S.K.: 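Have a look at this one before I ask anything.
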Amino acid sequence: GAVVSQHPSWVICKSGTSVKIECRSLDFQATTMFWYRQFPKQSLMLMATSNEGSKATYEQGVEKDKFLINHASLTLSTLTVTSAHPEDSSFYICSAPSEANEKLFFGSGTQLSVL
Amino acid sequence: GIQVEQSPPDLILQEGANSTLRCNFSDSVNNLQWFHQNPWGQLINLFYIPSGTKQNGRLSATTVATERYSLLYISSSQTTDSGVYFCAVAIQAGTALIFGKGTTLSVSS
């Protein structure tokens, strides 16, 4: 079946640095990808929708200048957390819809820890 | 926006017991998926079930779209079934899923 590959699985960084997370759709194309954030013992919250060839759309309360999204090809979307701070520490997960636009496939997630 | 409510929030079972998890949603949906999140955070897709009934081994799910709810059945539970079960829905095809708060299942031997 379709697979969404997400890297890295975990990252530890110092406060003030930037971190890039990659999300790739394997064996299928995704004009749209979704980025979620999950804090400990909470549910997944949609952060933004990544659109190939155009600007991402962000959910209310998500800072677009802090969470930069680039969807440069039909198989790759990246999320860059700029000037990360400890409160940005979280689990980030990407997803992409199947080519038939039925179900969503999810990456394995990235655990970000900002010291 | 659409609301997704899952019950119960927590469930403790002895190995071998059966359980039913419920998901209520506030609007008509085009997509409904059940997931199991393992201790490493990975989301395992259990069912894509916007309507009807499906079964996969010890797990089965039923969605009654007209009444806006879905049920996940786990039979003969095992310790490896422990984790968080999420129901997620989308109003339109190809759009983002909105997640419920999940049911945390603990199965003890």
Side-chain angles (χ1 to χ4, degrees), chain A residues 1-6 8-10 23 25 28-52 56-62 69 77 89-113, chain B residues 1-11 21 23-25 29-52 54 56 61 63 65 70 82-106:
Chain A
V3 173
V4 173
S5 175
Q6 185 173 343
S9 297
W10 56 271
C23 181
S25 57
F28 72 104
Q29 296 182 338
T31 57
T32 301
M33 290 187 179
F34 307 106
W35 288 95
Y36 292 82
R37 179 169 54 181
Q38 183 181 31
F39 291 108
K41 298 191 182 301
Q42 294 188 20
S43 186
L44 282 76
M45 298 299 294
L46 179 66
M47 297 176 64
T49 299
S50 171
N51 303 297
E52 188 270 335
T57 54
Y58 292 81
E59 296 301 300
Q60 190 174 5
V62 177
I69 291 174
S77 175
S89 297
S90 187
F91 192 62
Y92 294 86
I93 310 177
C94 68
S95 73
S98 62
E99 288 188 317
N101 271 341
E102 293 178 335
K103 62 182 177 181
L104 263 60
F105 299 101
F106 283 77
S108 54
T110 299
Q111 181 63 53
L112 171 63
S113 297
Chain B
I2 191 168
Q3 303 297 314
V4 184
E5 294 184 359
Q6 291 188 242
S7 61
D10 300 282
L11 188 57
L21 282 59
C23 173
N24 292 332
F25 42 96
V29 299
N30 189 278
N31 181 9
L32 188 149
Q33 291 179 245
W34 281 97
F35 298 92
H36 176 210
Q37 188 169 39
N38 65 22
W40 297 271
Q42 187 175 8
L43 280 177
I44 309 298
N45 181 69
L46 300 176
F47 294 102
Y48 163 72
I49 188 166
S51 64
K54 291 185 178 180
N56 184 3
T63 297
S70 183
S82 297
V84 183
Y85 289 80
F86 287 107
C87 167
V89 303
I91 293 177
Q92 294 181 338
T95 61
L97 285 170
I98 304 303
F99 282 74
K101 292 186 177 181
T103 293
T104 300
L105 174 65
S106 298

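Throughout, protein chains are lettered first and strands after them, A, B, ... in sequence-line order, and every chain is numbered starting at 1. Predicted, not measured: the structure shown is a model, and the values here were computed from it.
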S.K.: Would you check if A/L44 and B/L43 make a side-chain contact, meaning some heavy-atom pair closer than 4.5 Å?
M.R.: yes

S.K.: Report yes if some heavy atom in the side chain of B/F99 is under 4.5 Å from a heavy atom in the side chain of A/L46; otherwise report no.
M.R.: no

S.K.: Taking side chain as C-beta onward, heavy atoms only, is B/N45 less than 4.5 Å from A/F105?
M.R.: no

S.K.: Nearest 0.5 Å please: distance from the OH atom of A/Y36 over to the CG atom of B/L97.
M.R.: 5.0 Å

S.K.: To the nearest 0.5 Å, tell me how far A/S108 OG sits from B/Q42 CD.
M.R.: 6.0 Å

S.K.: Side chains of B/W40 and A/Q111: does their closest heavy-atom pair fall under 4.5 Å?
M.R.: no

S.K.: For A/Q42 versus B/F86, what's the shortest heavy-atom pair and its separation?
M.R.: O-CZ, 4.2 Å

S.K.: Enter the distance from A/S43:OG to B/Q6:CD here, rounded to the nearest 0.5 Å.
M.R.: 7.5 Å

S.K.: Would a 4.5 Å heavy-atom cut-off, applied to side chains only, mark A/F106 and B/I44 as touching?
M.R.: no

S.K.: Which answer fits B/Q92, side chain, backbone, both or neither, if we ask what part of it has an atom under 4.5 Å from a heavy atom of chain A?
M.R.: neither

S.K.: Look up atom CG in A/L104 and atom CZ in B/F35, then write down how far apart they are to the nearest 0.5 Å.
M.R.: 7.0 Å

S.K.: Against chain B, label A/Q38 side chain, backbone, both or neither, depending on which of its atoms sit under 4.5 Å from a heavy atom there.
M.R.: side chain

S.K.: So, taking the atom named CG in B/L32 and the one named NZ in A/K103, what distance separates them when rounded to the nearest 0.5 Å?
M.R.: 13.0 Å

S.K.: Once rounded to the nearest 0.5 Å, what's the spacing between atom NZ of B/K101 and atom NZ of A/K41?
M.R.: 15.5 Å

S.K.: Kindly check if the number of other-residue, nucleotide or ligand heavy atoms within 6.0 Å of CD (B/E5) is above 12?
M.R.: no

